[in-house]
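Notes for the one structure printed next.
Predicted model, so just to flag it, every value in this text is computed and none were measured.
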Amino acid sequence: MSYRTIYYWLYMNPSYAIPIGMSEYQNLTNDLMVGYLFYDTISEIFVMKNIELMMLGHHFVGLASHVSCRITNCGACAYYHMMVYIAELSTPFLHASWILKSSGMKDAVLFKLCVVCLLLLFFI
């Protein structure tokens, strides 16, 4: 998602124009996110030992947003989704910081660096 959104903003929509309808690129990006949300929701329900209701809620809201965007061919919705996907750049740092914290390394410089990168990239 990170690569697709960076490519979109640098090469496909560098003027940040809000489209009338969704482009094929936005359709595919949207569909990829729907697939991920569907997969992760099923995984959360049937694979995880402890179901996290907040995570399920997060995924259901995401699915509703993305499916309605696709059904209505809403260019403005796709435009803002492409902005939200920039936050996906923070995901590797989220995972790394979780691994470091779980390993008892929350006082390590590497953990602190990962958390700073996570916050900066997420809030961009």
If you take all heavy atoms of G21 and Q26, which pair is closest and at what distance?
O-OE1, 4.0 Å

Heavy-atom distance under 4.5 Å between the side chains of E88 and M33, does that happen here?
yes

Is it true that a side-chain atom of S68 and a backbone atom of A64 form a donor plus acceptor pair closer than 3.5 Å?
yes

Minimum heavy-atom separation for H66 and Y85, please, with both atom names.
NE2-OH, 2.7 Å

At what distance, to the nearest 0.5 angstrom, does CG of L118 lie from CZ of F123?
8.5 Å

Any side-chain heavy atom of R4 within less than 4.5 Å of one from Y25?
yes

According to a 4.5 Å side-chain heavy-atom criterion applied to Ile, Leu, Val, Met, Phe, Trp and Tyr, with indirect links allowed, do I51 and F60 form part of one hydrophobic cluster?
yes

Hydrophobic cluster identity match, L121 and L110, side-chain contacts under 4.5 Å
no

The reported gap from CG in L53 to NE2 in H58 (rounded to nearest 0.5 angstrom) is 14.0 Å

Please work out which of the three classes, parallel, tilted or perpendicular, describes the rings of Y11 and Y7, given edges at 30° and 60°.
tilted

Intermediate values then yes/no, side chain to side chain donor-acceptor pair (under 3.5 Å), S65 and H81:
CA-CA 9 Å; S65 173; H81 281 156; 2.8 Å; yes

Report, as yes or no, whether the 6.0 Å neighbourhood of atom CE on M55 holds more than 12 heavy atoms from other residues, nucleotides or ligands.
no

Side-chain touch N30/V67, heavy atoms, less than 4.5 angstrom:
no

Looking at A87, is its backbone amide N or carbonyl O close enough to the side chain of S90 to form a donor-acceptor pair, meaning the two atoms are under 3.5 Å apart?
yes

Sub-4.5 Å side-chain heavy-atom contact between C69 and M22
yes

If you group Ile, Leu, Val, Met, Phe, Trp and Tyr by side-chain heavy-atom gaps below 4.5 Å, do L120 and M1 land in one group?
no

Scan V115, L119, V116 and name whichever one has a side-chain contact (heavy atoms from CB on, under 4.5 Å) with S97.
V115

What's the spacing between C117 SG and F122 CZ if we round to 0.5 Å?
15.0 Å

I'd like to know if the side chain of W9 reaches the main chain of S15, judged simply by a donor and an acceptor atom lying under 3.5 Å from each other, with no hydrogens or angles considered.
no

Euclidean distance, M105 CE relative to K101 NZ, rounded to 0.5 Å
14.0 Å

How many angstroms lie between atom SG of C114 and atom CZ of F93, to the nearest 0.5 angstrom?
6.5 Å

More than 12 heavy atoms of other residues, nucleotides or ligands under 6.0 Å from OH of Y79: yes or no?
yes

State, yes or no, whether a side-chain contact exists between L100 and K106 at a heavy-atom distance under 4.5 Å.
no

When clusters are formed by joining ILVMFWY residues with side-chain heavy atoms under 4.5 Å apart, either directly or through shared neighbours, do I18 and V84 land in the same one?
no

Among N13, T29, I86, side-chain contact (heavy atoms from CB on, under 4.5 Å) partner for Y8
N13

Determine whether F38 and I42 make a side-chain contact, defined as any pair of heavy atoms from C-beta on separated by less than 4.5 Å.
yes

About how many Å separate CG of N73 and CG of N27, when rounded to the nearest 0.5 Å?
6.5 Å

Candidate pair V34 and R70, rule side chain to side chain contact (heavy atoms under 4.5 Å, CB included), full reasoning
CA-CA 10 Å; V34 167; R70 188 73 153 94; over 6 Å; no

Greater than 12 external heavy atoms within 6.0 Å of I20's CD1
no

Keeping to residues at least two apart or across chains, list the salt bridge (charged side-chain N to carboxylate O under 4.0 Å, His left out) pairs with something in residues 50-69.
none

Cluster check L37, V47: I/L/V/M/F/W/Y, side chain < 4.5 angstrom:
no

